[in-house]
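One structure below.
These numbers were taken from a predicted model, which means no experiment stands behind them. Letters A, B, ... are given to chains in the order of the sequence lines, protein chains preceding strands, and every chain is numbered from 1.
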Number of protein chains: 2
Amino acid sequence: MHVLIIGAAGMIGRKLAESFASRALAGSEPKKLTLADVFTPSAPAGFSGDVVTVQTDLAASGAADQLLAERPDVIFHLAAIVSGEAEARFEFGYHVNLDGTRALFEAIRKVHEAEGWTPRVIYSSAIGVFGGGLPDVISDEYIVTPEGSYGTQKAMCELLLSDYSRRGFFDGIGVRLPTICVRPGKPNKAASSFFSGIIREPLVGQEAILPVAETERHWMTSPRSAVQSLRHAMSIDTTLLGSRRNLNMPGLSVTVGEQIEALRHIAGDKAVALIRREPDPIVTRFVQSWPKAFDTKRANELGFTAECRFEDIIRAHIEDELTPKAT
Amino acid sequence: MHVLIIGAAGMIGRKLAESFASRALAGSEPKKLTLADVFTPSAPAGFSGDVVTVQTDLAASGAADQLLAERPDVIFHLAAIVSGEAEARFEFGYHVNLDGTRALFEAIRKVHEAEGWTPRVIYSSAIGVFGGGLPDVISDEYIVTPEGSYGTQKAMCELLLSDYSRRGFFDGIGVRLPTICVRPGKPNKAASSFFSGIIREPLVGQEAILPVAETERHWMTSPRSAVQSLRHAMSIDTTLLGSRRNLNMPGLSVTVGEQIEALRHIAGDKAVALIRREPDPIVTRFVQSWPKAFDTKRANELGFTAECRFEDIIRAHIEDELTPKAT
Ligand SMILES: NC(=O)c1ccc[n+]([C@@H]2O[C@H](COP(=O)([O-])OP(=O)(O)OC[C@H]3O[C@@H](n4cnc5c(N)ncnc54)[C@H](O)[C@@H]3O)[C@@H](O)[C@H]2O)c1
Ligand SMILES: NC(=O)c1ccc[n+]([C@@H]2O[C@H](COP(=O)([O-])OP(=O)(O)OC[C@H]3O[C@@H](n4cnc5c(N)ncnc54)[C@H](O)[C@@H]3O)[C@@H](O)[C@H]2O)c1
């Protein structure tokens, strides 16, 4: 099997590529990995098959055709600019997140029509497609009403994905990932950054800022579960999806207070003391417009899973990011 | 006030333009009407203001900019290719229905950013954004899952409309029109054509074919109510919409049997006898995947209305299409 990952230099893309090299998931190793990104991706250590890394801008004319030259069996499309940037740079957001995706889908369609090739396409969508006055628990039938350009672009691509799949041009699945927590690396400018920061920083003895009340609730999953969901999407029977190709992914509904208590349980009061409260009404308003919880019935029935306790999310972070790897 | 209608040579566009000339709606007459379409629209009789007719392809490069040269206050965007053609001609459907709309929205945004001009944009969407295993009654919060390329394109444009409005580039409203019945003119290839045909043809002594069972139920409105809804969208207070700019429009949920009984009541058994049953499993499957009824709470609260009895829909057709106009 030949797997193409677009957006492979990103946080999730890198972890997804690494997962194909991991012994823990043996048996499912693809023969070949093609890793593409605007930043040259690095090949995952320990992968025994062929790896090709490609530096390319998916939204540039002709780029998508080149990526398909070897007709990969599975295409993960993770390339995107994230919400803060899509909001700040209106044209650029549509260029990358909508036009880039459409260029990919069109390139696939054209090969499909010429040759009958029908790859599986796994698209990383986001709970950012939901916004506004949301119910406490969002069902699989709840209306998509993004409150940002990023969510709008994701929702538009979801619609394209369904239509192209219904037409048989490819076999698509849209995976609406929860907010990833604990996101490794540095804090970024996303309004959601603190959900990771209040865990990640204290665990390494650094201060973190909490801009919202402890009662705020949000829907999260670990990078590990996100990768597992993307991989699970490779093998599910898509005839079960009908033409509803986009799935809310399982996650964990937690309050900030519950996050903090889990941190205390694992790392003690000293870690918790590093969280500094600095209420920010703008961030608070954002957070309050985001999904708090989902009833992910369809995804559950299809075998998608996620952590059930926030402590497990912290432990996954410690294992994956703070524990030296045996080589 | 200067009103621009794009798609003004179409069935609804023509009636909308005529409505601005009608004495029945006096007082709200705009000073100027610009009527644009790929087919040169005709000027409505009796309109006392300026009328300009423009033959233009909205999806052609530069066309949208030209249409905005005089900065209309209200823009009705009705131009589209309809469902059957969008399904048969994949690329063309996306070109006209998605790219044409996006070109218009982009052209408006650019003038807005240069000059601060913020027109009201009224977009004719359709209940074709809903499909698949639908509930008996669709609420305002029900998920959009089109089962065709036409519905996909409409849903994508709705998302754009909301995002552009949220950003303040224009003041948009998406009006999800029910199936129009009785559609005047000849039968067309739309699978929904018979809903109008079984009324329109018998009323003038011609035979009509009924391809589905009398128990099938669908959501309809008259051309007159559709025009009224579009016009009502000119004056509603859009701050009440929040960022949910697309509204399911009121209509009437009727079975084919109820349509026929209304016809009998108005035109007698002789008319009904002209309906010939010719069951078609393909059309039946289509119809069964379409919306049967809506709870249009939001639109009702905003003052949108429609007929409550199918007999009124037939009477509107007789008045508007079969009665010589007093001049
Ligand atoms: N991290 C989250 O919380 C989260 C939640 C839901 C969905 N997602 C989605 O998952 C995907 C991956 O997220 P991530 O957290 O790894 O983001 P990331 O920013 O770390 O990775 C995205 C990658 O896409 C690449 N990219 C951007 N534009 C490109 C282009 N034109 N051509 C090729 N590559 C391009 C970037 O260089 C980057 O490496 C994204 O689609 C994101 O929207 C992320
Ligand atoms: N009739 C219905 O049952 C119904 C229901 C819901 C929504 N709608 C929507 O309402 C709108 C009007 O519907 P209608 O029944 O009058 O359809 P119609 O086909 O009679 O009119 C559409 C008009 O758009 C014009 N057009 C197409 N492509 C164009 C382009 N590239 N540039 C400029 N003009 C172009 C056509 O020439 C036509 O005159 C459409 O957007 C349609 O999708 C119709």
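- Contact of Thr145(A) with chain B is made through the side chain alone, with heavy-atom distances under 4.5 Å.
- Scanning both residues, Leu160(A) and Thr152(B), for their nearest heavy atoms gives N-CG2, 4.4 Å.
- Interface remark: Arg167(B) contributes side-chain atoms only to the contact with chain A (heavy atom separation under 4.5 Å).
- Considering only heavy-atom pairs separated by less than 4.5 Å from chain B, the leading option among Gly148(A), Ser139(A), Gly133(A) is Gly148(A).
- If you tally non-hydrogen atom pairs under 4.5 Å between each of Ser149(A), Gly151(A), Gly131(A), Ala155(A) and chain B, the highest count goes to Ser149(A).
- Environment of CD in Gln66(A): sparse, with no more than 12 heavy atoms of neighbouring residues, nucleotides or ligands closer than 6.0 Å.
- In this structure, the side chains of Arg166(B) and Pro146(A) stay at 4.5 Å or more apart for every pair of heavy atoms.
- For a residue to count as touching a neighbouring chain, one of its non-hydrogen atoms must lie under 4.5 Å from one of that chain's; by this rule Asp140(A) touches chain B with the backbone only.
- Comparing Asn246(A), Val144(A), Leu98(A) by how many heavy-atom pairs each has under 4.5 Å with chain B, the most go to Leu98(A).
- For Tyr164(A), the part lying under 4.5 angstrom from a heavy atom of chain B is the side chain only.
- Residues Arg109(A) and Glu91(B) are paired through a salt bridge, judged by an N-O separation under 4.0 Å between the basic side chain and the carboxylate.
- Side-chain atoms of Leu159(A) and Glu158(B), non-hydrogen and from C-beta on, never get closer than 4.5 Å to each other.
- The most heavy-atom pairs under 4.5 Å with chain B, out of Gly132(A), Ser243(A), Ser162(A), come from Ser243(A).
- Shown here is Tyr94(A), whose OH atom has more than 12 heavy atoms of other residues, nucleotides or ligands within 6.0 Å.
- The contact between Phe169(B) and chain A is made entirely by side chain atoms (from C-beta outward), counting heavy-atom distances below 4.5 Å.
- Annotation for Ile282(A): atom CD1 does not count as buried by contact number, only 12 or fewer foreign heavy atoms lying within 6.0 Å.
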